[in-house]
Amino acid sequence: MSEGDTHRDCKGCGTSIPLSEPILVKFQRCYYCGQHHPFGNIWMNRTAPALIVVAIGLIALWWAQLAS
């Protein structure tokens with residue numbers, strides 16, 4: 001492990017894990033607690049905010065249709 005290696009905290013146990021950890025890289029699991037995708041699901045982390053905005057927009061359009 002090099003000095004410049006970046007770390008992130010596991011959502012399951014809170015342990016700081018280097019991103020180059022072999023178990024994490026190969027199996028996407030925390031070496032300490034076994035949490036699958038210990039930093040969260042990347043797809044959901046990136047798309048959830050956009051889905052929330054779209055849902056609010058659709059509700060606003062529906063509400064506008066009811067008011068007219």
For a quick test of reading the model, state the closest non-hydrogen atom pair linking Cys10 to Phe39 and the distance between them.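 Where Cys10 meets Phe39 most closely, the heavy atoms are N-CE2, 4.3 Å.
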Minimum heavy-atom separation for Val25 and Leu19, please, with both atom names.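 Smallest interatomic distance, heavy atoms only, reads CG2-O, 3.5 Å.
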Rounded to the nearest 0.5 Å, what's the gap from CD on Glu21 to NE2 on His7? Could you check?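 Glu21 CD to His7 NE2: 9.0 Å, rounded to 0.5 Å.
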Are the side chains of Thr15 and Tyr31 in touch, meaning some heavy atoms are under 4.5 Å apart?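 Not in contact.
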Just so I know, are the side chains of Pro38 and Lys11 near enough to count as touching, which here means a heavy-atom distance under 4.5 Å?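 They are not in side-chain contact.
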Expected list for residues 49-67: side-chain donor-acceptor pairs under 3.5 angstrom, two or more places apart:
none

